[in-house]
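Here's the structure we're looking at; comments come further down.
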Number of protein chains: 2
Amino acid sequence: MYTQAEENYLKALFSITLEVGNEEGVGTNELADYLKLTPPTVNNMLKKLKTKELVNYEKYGKITLSDSGRAHAVYVIRKHRLWETFLCKKLDFNWNAVHEIAEQLEHIDSPELIDRLDKFLDYPSFDPHGDPIPDAKGKIKTGSRKLLSELKPGAQCRLVAVKDDSTAFLDYVNRLGLKINSLIEVVDTVDYDHSMHIVVDGGSHTVSKKFTDSIQVLAV
Amino acid sequence: MYTQAEENYLKALFSITLEVGNEEGVGTNELADYLKLTPPTVNNMLKKLKTKELVNYEKYGKITLSDSGRAHAVYVIRKHRLWETFLCKKLDFNWNAVHEIAEQLEHIDSPELIDRLDKFLDYPSFDPHGDPIPDAKGKIKTGSRKLLSELKPGAQCRLVAVKDDSTAFLDYVNRLGLKINSLIEVVDTVDYDHSMHIVVDGGSHTVSKKFTDSIQVLAV
DNA sequence: TATAAAAGTTAGATATATCTAACAATTTTA
DNA sequence: TAAAATTGTTAGATATATCTAACTTTTATA
Ligand SMILES: [Mn+2]
Ligand SMILES: [Mn+2]
Ligand SMILES: [Mn+2]
Ligand SMILES: [Mn+2]
């Protein structure tokens, strides 16, 4: 099977393409940045991934996942999100603690284990951060989600996902009293720096653009 | 923390010392054999483990675990056996399938995960093969267990543990209808090759010394 | 369009973990 | 106790995954 490093590159490529909406492909430096590695390291690995036909890549060109590369990337994401769900639902972990552990667990190689874990969790559709869990066939539920930062004053919405796994961010989310499904009301926005006044559970808060860019919502 | 390779060496040293009752220490070749590696590979790793003060070892001398080496070995065994218990009890795996997966899971580094898993499983004392699970303080339950091969004709006993994790062995155990707690009656032994006639659940079988050496029992 | 900046690659080094081949030390045994 | 067998070590190679420094190619911009 694939090494941990290889799986991390595949997952990163998939996520960058999706998150940044980067259709035409990813650059070496961009990928290096995302993975917190140096460009030569990435360049070196790319050659390996190309030989294994997991990526499409020509010297000085953009990188994209091949079909098999994408399929495996989705599988790694499935593993990651199922484990996160297990940690929260069954072991009572706080949602801000599960990502780091799932980074390790996602590399365990046993398709049967993942199938059984999926069943044990009753085939969940979303992980504790609201992200969709690919099913056994690699199919991912997509919805018409928006970023909180896109909403206008007066809008009401429900938090469906957080797009930042860092403990600092999730701690802050917790401190604001926000959870998956929390009702958020946009009171006002500040033109100057796009910060936003929101009301959550009757509590009023001012949050930065950096923050509202990491909150995915569904209009209500 | 420790690498997977390091953890495997520590676990192997602990097991050899225990299983073979090897008190004075383990040799390079013996350890290499056990781990299915070559002696130079082991020699090389030993130097690293010595610098980290996990083993006591002098050139051409016997290898023993240091206190911290032993403590970590026990912790790896705790992780392994808790995961095996999880796989059987919660994910409904057959006991002959869990060892290989636990070989991977035992290297996940998160003490909190293990504590919570232990609680989730209601602090089990024995794994699916009947082996004792070290508690959070590293304490291991020991009992007055014997090998089936040590019993004399007429003896009755209960199977408490199997000492071979291989699929071939466990499949055979299953085929004989043996489970943890099965009642076994020793009918007769053959002097020539120490094979044994046993009765299990009314069924009569003849089993080899190799087999009876891998079955731990408690007299009844 | 020439130059500067950004992006990407190559070369060579390091660390981990493994191997084979050759050699050395220790232990067994005749 | 000398030779043989066993056990253990050293040297040098390979594979993976990473780094820094130097260089090249592509892209942006003056
Ligand atoms: Mn995550
Ligand atoms: Mn990962
Ligand atoms: Mn096992
Ligand atoms: Mn292991």
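Note on naming: letters A, B, ... go to the chains in the order of the sequence lines (proteins, then strands), and numbering restarts at 1 for each one.
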Choose from [options] the nucleotide whose nearest atom is closest to any side-chain atom of [X].
{"X": "A:M45", "options": "C:dT16, D:dT18, C:dT9", "result": "D:dT18"}
{"X": "A:Y9", "options": "D:dT18, C:dC19, C:dA11", "result": "D:dT18"}
{"X": "A:P40", "options": "C:dT10, D:dT9, C:dT16", "result": "C:dT10"}
{"X": "B:Y60", "options": "C:dA24, C:dT18, C:dG8", "result": "C:dA24"}

State whether [X] places a side-chain N or O below 4.0 Å from either non-bridging phosphate oxygen (OP1 or OP2) of [N].
{"X": "B:T3", "N": "C:dT16", "result": "no"}
{"X": "A:K48", "N": "D:dT16", "result": "no"}
{"X": "B:T38", "N": "C:dT18", "result": "no"}
{"X": "A:Y57", "N": "C:dT9", "result": "yes"}
{"X": "B:T28", "N": "D:dT7", "result": "no"}
{"X": "B:K59", "N": "C:dA24", "result": "no"}
{"X": "B:N43", "N": "D:dG8", "result": "no"}
{"X": "A:K47", "N": "C:dT10", "result": "yes"}

**OP:** Would you please indicate if the ring centroids of A:F86 and B:F86 are separated by under 6.0 Å?
**Re:** yes
Rounded to whole angstrom units, what separation is found between the [atom1] atom of [X] and the [atom2] atom of [N]?
{"X": "A:N29", "N": "D:dT27", "atom1": "CG", "atom2": "P", "answer": "13 Å"}
{"X": "B:I63", "N": "D:dG8", "atom1": "CD1", "atom2": "P", "answer": "7 Å"}
{"X": "A:D33", "N": "C:dG8", "atom1": "CG", "atom2": "P", "answer": "11 Å"}
{"X": "B:L37", "N": "D:dT7", "atom1": "CG", "atom2": "P", "answer": "18 Å"}
{"X": "A:E58", "N": "C:dG8", "atom1": "CD", "atom2": "P", "answer": "15 Å"}
{"X": "A:K62", "N": "D:dT26", "atom1": "NZ", "atom2": "C1'", "answer": "11 Å"}
{"X": "B:Q4", "N": "D:dT16", "atom1": "CD", "atom2": "C1'", "answer": "14 Å"}
{"X": "B:Y2", "N": "C:dA17", "atom1": "OH", "atom2": "C1'", "answer": "18 Å"}

Subject >> B:K52 or B:K36, whichever maps to the more 5' nucleotide of DNA chain C >> reply: B:K52
Original post:
Any sub-3.5 Å donor-acceptor pair from A:H99's side-chain atoms to A:S166's backbone N or O?
Top reply: no
Original post:
A:K50 side chain to A:Y57 main-chain N or O, any donor-acceptor pair under 3.5 Å?
Top reply: yes
Original post:
So with a 6.0 Å cut-off around CD of B:E53, is the heavy-atom count from everything else above 12?
Top reply: no
**OP:** Would you mind checking if A:D131 and A:K163 are paired as a salt bridge, meaning a charged N to carboxylate O distance below 4.0 Å?
**Re:** yes
Original post:
Thinking salt bridges, do B:K11 and B:E7 make one under a 4.0 Å N-O criterion?
Top reply: no
